[in-house]
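Chain naming here is simple, since letters A, B, ... match the order of the sequence lines and numbering starts at 1 in each. In this text the structure is predicted, and so the values were computed from the model without any measurement.
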2 protein chains.
Amino acid sequence: MLVTIQQSVSDLSSAEKRVAQWILAHPKEAVGATLALVSRESGSSEPTVVRFCRRVGLNGFRDLGVRLAESLSSPASYVHRDVSPDDSSADAVLKVMDASIQSLIEMRSQLSAMPIDKAVAAMTNARQIAFAGLGASGHVARDACHKFFRLGVPCSSLNDTPMILQFASIAEPDDVLILLSHTGRWTEFSRAAELASGRGATVIAITNPESELANKATLLFPCQVIEDTSVYTPMSSRLAQLALLDAIHVALALASGETAVDRLRTSKNALNSLPDHAH
Amino acid sequence: MLVTIQQSVSDLSSAEKRVAQWILAHPKEAVGATLALVSRESGSSEPTVVRFCRRVGLNGFRDLGVRLAESLSSPASYVHRDVSPDDSSADAVLKVMDASIQSLIEMRSQLSAMPIDKAVAAMTNARQIAFAGLGASGHVARDACHKFFRLGVPCSSLNDTPMILQFASIAEPDDVLILLSHTGRWTEFSRAAELASGRGATVIAITNPESELANKATLLFPCQVIEDTSVYTPMSSRLAQLALLDAIHVALALASGETAVDRLRTSKNALNSLPDHAH
DNA sequence: ACAAGCATGTAGTAAAGCTACAACAAAATA
DNA sequence: TATTTTGTTGTAGCTTTACTACATGCTTGT
């Protein structure tokens, strides 16, 4: 709808053009606005607004609200600019959500290029799995640990470099080390990858494919780092990592067959059976 | 919107139920319908229709058309069945991603109904912010804490019930307590909400709108709990919570103006300037 | 220069959404 | 059981809304 208006703005009369411009500038307000409000804000009369609606192919003013509502929540707009300081907070919030959705959609499209089956195979036979991440990735690591341990495999999360290096240096061949890093720039991670894979462990890296870490890993899950052009840019890539780990988790549960599924169900029931108490 | 209606259909009176059923049966017609038409088709009076709208959380009948238009325009893709044991792992992985994307899209469509501005206002003037969550929500709480403290507001994350209750019992009027819970069933959370709001603090709940906790909170961010029909169902609602907190974070940064943005930039630069060392 | 055509606003109308009140039914209390 | 209370539903009326018919003013072409 907004693009339709944009296109037909050229063959509108000057008063109608004012209407179009106001709507394009304040699409969010225009949704659910009254005829009187639009005419006042755009500096033209009510019939002009109605005539504008007819001109862009609508039935009347009533239609405009509906169509604008539709187009504002349409998937075409998930690709948005970065948040800028003069955005209203409602705009900003929408943009952040759009960026998050977009990063998941991109991740989905690259899913077929990822070594999920190999990762699952390694994890099925693993003696233990360790998730390593610093800073924001640390939370992802902890989250993954919390999720995977319910499958019955011993899990741990490593959240500082000494722990990661220590784990790597005593890793055994049937251990799996999963390294989470957005940039892949920490040299300690590369060292850990070398150490662990040198000892025969499977090293899975979820990181920027351009990085040094990416080369050192046994299995690579490439995660495009969305450039942080703005300080506001949220950590949407972290969401993608979480979703990816969710996916791997489910794949692993399927591969492990009944036992793992039973364990999941049991631990879930354990939660449900005590609805009124803290653990 | 349609799911919101579906859920609240249970606590409606019989005449209102007729309205809900007609809308659910003819959503396409309901968009842009007039009050008279809906009342006639559903076999009830006009005020009943208006009362129905209020009951499901809308402002009035006018809102209904807009919200229905929004929810109908969201894409039907990405909605997949649950993962089933005979799925190939590639199928399963795609389904999990789709579910995650879908939950974000739903969250986005409900964004306009959320008290973001009020939450931001409370947090701007806050003496401190505390994020409370147990289990999987605990990771979300920690993540949020890690993110918000960079804005310069003192933050803490509370990850067990004693801590939460202790915080609530000594909360001060300009404190903000954010409670994260998927189900909203833990009675300790309700108690904490009562305690804290009794002492004048702002209590923000990110939880299931049907829960007791939802009623006790100062501000409610409703998060639809996607029914865990299958043990495989991932915690996609957790992703939505994270994304929502991202959004609030950005909105808060914008509202706080230059100082907060500067703090963000500074802390980001601090990371970039030491690319090769652990902290 | 004058008329034809178009753009724009004024005033009025029918209907839309909403509210106050009354009638009624169900539940709780005595 | 009688009576109050609570909640639900509809009628009537009010305000605002979207829209239309008409009048004014401006531009354009012959």
Side-chain angles (χ1 to χ4, degrees), chain A residues 1 4-5 7-24 26-72, chain B residues 1 4-5 7-24 26-72 112-113 210 215:
Chain A
M1 194 63 236
T4 312
I5 296 176
Q7 284 176 343
S8 47
V9 76
S10 57
D11 43 44
L12 290 175
S13 68
S14 68
E16 289 167 348
K17 229 173 254 174
R18 286 201 301 276
V19 179
Q21 274 157 7
W22 185 84
I23 292 176
L24 289 172
H26 311 266
K28 201 74 197 174
E29 285 181 61
V31 177
T34 90
L35 189 49
L37 189 140
V38 175
S39 84
R40 179 155 27 88
E41 288 294 319
S42 66
S44 46
S45 68
E46 298 187 4
T48 304
V49 177
V50 176
R51 277 190 287 262
F52 159 81
C53 296
R54 302 264 152 82
R55 198 75 80 95
V56 296
L58 295 168
N59 231 338
F61 180 78
R62 201 145 244 148
D63 253 14
L64 183 71
V66 175
R67 304 299 271 278
L68 278 178
E70 281 174 356
S71 84
L72 282 187
Chain B
M1 193 62 237
T4 312
I5 295 176
Q7 284 184 340
S8 45
V9 76
S10 59
D11 42 46
L12 291 175
S13 67
S14 68
E16 288 167 349
K17 231 174 251 173
R18 286 201 302 276
V19 178
Q21 273 157 8
W22 184 84
I23 292 177
L24 290 173
H26 311 90
K28 203 83 189 175
E29 285 180 60
V31 177
T34 92
L35 189 48
L37 188 138
V38 175
S39 85
R40 178 155 27 86
E41 289 294 320
S42 66
S44 46
S45 69
E46 298 188 3
T48 303
V49 178
V50 176
R51 278 189 286 262
F52 160 80
C53 297
R54 302 262 153 84
R55 199 76 80 96
V56 297
L58 295 169
N59 238 334
F61 181 78
R62 197 145 249 145
D63 254 12
L64 183 71
V66 175
R67 305 299 268 279
L68 280 178
E70 281 176 356
S71 81
L72 283 185
S112 55
E210 308 293 327
N215 297 322

Round to a whole Å and report the spacing from CG of Leu35(B) to C1' of dT17(D). 13 Å
Could you tell me from which nucleotide to which nucleotide of DNA chain C, 5' to 3', there is an atom under 4.0 Å from chain A heavy atoms? dA7(C) to dA16(C)
Which residues satisfy the side-chain hydrogen bond (donor to acceptor under 3.5 Å, both in side chains) test with Ser44(A), sequence neighbours excluded? Ser42(A)
Sequence neighbours left out, what passes side chain to side chain contact (heavy atoms under 4.5 Å, CB included) with Val66(B)? Give chain and number order. Val31(A), Ala69(A), Glu70(B)
Taking only residues at least two apart or on different chains, which pairs with a member in residues 26-41 of chain B satisfy salt bridge (Lys or Arg N to Asp or Glu O under 4.0 Å)? none
Test side-chain hydrogen bond (donor to acceptor under 3.5 Å, both in side chains) applied to Arg55(A) - qualifying residues, sequence neighbours left out: Glu16(A)
Residues forming a side-chain hydrogen bond (donor to acceptor under 3.5 Å, both in side chains) with Ser45(B), sequence neighbours excluded: Thr48(B)
Hits for side chain to side chain contact (heavy atoms under 4.5 Å, CB included) against Asp11(A), two or more places apart or cross-chain, chain-then-number order -> Ser8(A)
Axis-to-axis angle across the helix from dA1(C)-dT30(D) to dA30(C)-dT1(D), five pairs an end, to 10 degrees? 10°
With Asn59(A) via side chain to side chain contact (heavy atoms under 4.5 Å, CB included) - residues at least two apart: Asp63(A)
Sequence-distant partners of Ala20(B), side chain to side chain contact (heavy atoms under 4.5 Å, CB included), two or more places apart: Ile5(B), Val9(B), Leu12(B), Phe52(B)
Side-chain touch Val49(A)/Leu64(A), heavy atoms, less than 4.5 angstrom: no
Check nucleotides 9-13 of chain D for protein N or O atoms closer than 3.5 Å to its own N or O atoms and list the pairs.
unit_1, atom_1, unit_2, atom_2, d
dT9(D), OP1, Ser14(B), N, 3.4
dT9(D), OP1, Ser14(B), OG, 2.9
dT9(D), OP1, Ala15(B), N, 2.9
dT9(D), OP2, Ser13(B), OG, 2.1
dG10(D), OP2, Ser45(B), N, 3.3
dG10(D), OP2, Ser45(B), OG, 3.3
dG10(D), OP2, Thr48(B), OG1, 3.2
dG10(D), N7, Arg51(B), NH2, 3.2

With Arg54(B) as partner, the option from Leu58(B), Val50(B), Val56(B) fulfilling side chain to side chain contact (heavy atoms under 4.5 Å, CB included) is Val50(B)
